[in-house]
Amino acid sequence: MHLVPTQQEVVALLRRTGAIRNGHFEYPNGLHATEYLQVQLAMRYYQHAKVLSVGLSRLLRANAEIRAMIPELSIVSPDTGGLPVAYGVCEALRANQVYWADRNRKEERGTMHFRQFMEQKPGEKVLLVDDILRSGRNLSELKNLVESNGGEVVGIAVIVTQPTPNTIDFSPLPLYYLAQLDATYYKDAGSCDMCRRGVPAEKVWI
Ligand SMILES: [Zn+2]
């Protein structure tokens, strides 16, 4: 495998580990899709996690501005799902630190916050890391939280991006990913080909 795995190699790895699944899926927001992706299924295997996070770190290191910040760089994840990626990237880059946000679990989609004493220092350089970029809601909320604490977001890095018609655009912030998956989305059951053909839909949580 290349030092930076190719799109085909990443997709093959994700399929082999069950992280990419083909079928007929219904998301909580009502979208129907032909493909479902759960990167954490691939991150269960340490060697795969390592290949993916080292590959991602090489893309980051190729950016001269980010490379210059590595010793002071914080790698921050919107929740625990991004942690294997965050630690892998931090180790490969030899960046400064890793931490992550939490949500208030008493509410359905509770407010995002950091643990006590974990807020950014003013001017802190922060790289946002997650396993996947789909709607971008979590990363956008994390970006706002970091910035409201005086941190400076310098980029976003994910293993896979799977854009939907509603994905948030983070430009001009640099976005790094190893693979892009283009599933076919339908905005609801009424416009879904598979529903029309009577294929049973499987509900997915995220
Ligand atoms: Zn459908």
Side-chain angles (χ1 to χ4, degrees), residues 5-45 48-49 51-53 55-56 59 77-86 100-112 128-145 156-171 173-206:
T6 62
Q7 158 105 13
Q8 288 76 6
E9 286 170 330
V10 172
V11 168
L13 189 158
L14 294 173
R15 284 201 188 282
R16 219 165 45 237
T17 53
I20 295 179
R21 315 176 90 82
N22 288 94
H24 176 198
F25 302 100
E26 182 182 342
Y27 286 83
N29 64 4
L31 285 179
H32 284 222
T34 52
E35 212 163 52
Y36 178 66
L37 174 67
Q38 181 60 265
V39 178
Q40 287 185 42
L41 290 167
M43 300 305 273
R44 290 178 289 180
Y45 307 104
H48 292 331
V51 164
L52 295 172
S53 48
L56 193 56
L59 295 181
S77 174
D79 57 40
T80 50
L83 276 188
V85 190
W100 60 97
D102 278 312
R103 284 190 187 279
N104 184 346
R105 289 172 206 284
K106 294 192 186 113
E107 304 160 29
E108 198 195 337
R109 188 178 167 85
T111 331
M112 188 180 272
L128 307 185
V129 168
D130 207 352
D131 53 351
I132 180 166
L133 168 61
R134 193 177 282 121
S135 72
R137 271 173 78 195
N138 279 340
L139 285 164
S140 167
E141 202 173 334
L142 179 63
K143 179 173 177 284
N144 292 340
L145 180 60
I156 296 177
V158 296
I159 300 294
V160 183
T161 169
Q162 191 181 32
T164 77
N166 312 319
T167 297
I168 295 168
D169 180 7
F170 289 96
S171 58
L173 215 54
L175 170 66
Y176 298 89
Y177 54 86
L178 292 175
Q180 174 167 335
L181 283 186
D182 295 300
T184 304
Y185 287 98
Y186 303 96
K187 70 176 184 348
D188 52 33
S191 59
C192 176
D193 257 3
M194 289 169 293
C195 281
R196 203 169 306 140
R197 284 189 276 121
V199 181
E202 195 167 346
K203 280 189 196 298
V204 290
W205 305 333
I206 53 166

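Ligands are counted one by one from 1 in listed order, and the atoms in each one are counted from 1 as well. Quick caveat, the model's predicted, so the values are computed rather than measured.
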OG-CG distance between S53 and D131, expressed to the nearest 0.5 angstrom: 12.0 Å

Inter-residue atom distance L37.CG - F25.CZ, 0.5 Å rounding: 10.5 Å

Pair N138, R103: side-chain N/O donor-acceptor within cut-off below 3.5 Å: yes

Close side-chain approach of I20 and V11, heavy atoms under 4.5 Å: yes

Summary of salt bridge (charged side-chain N to carboxylate O under 4.0 Å, His left out) pairs that have at least one residue in residues 32-43, sequence neighbours excluded: R15-E35

Heavy-atom closest contact (Y177 atom, L59 atom, distance): O-CD1, 3.4 Å

Environment of the Zn ion (ligand 1) in terms of protein N/O/S atoms, cut-off under 2.8 Å: H24 NE2, H32 ND1, C192 SG, C195 SG

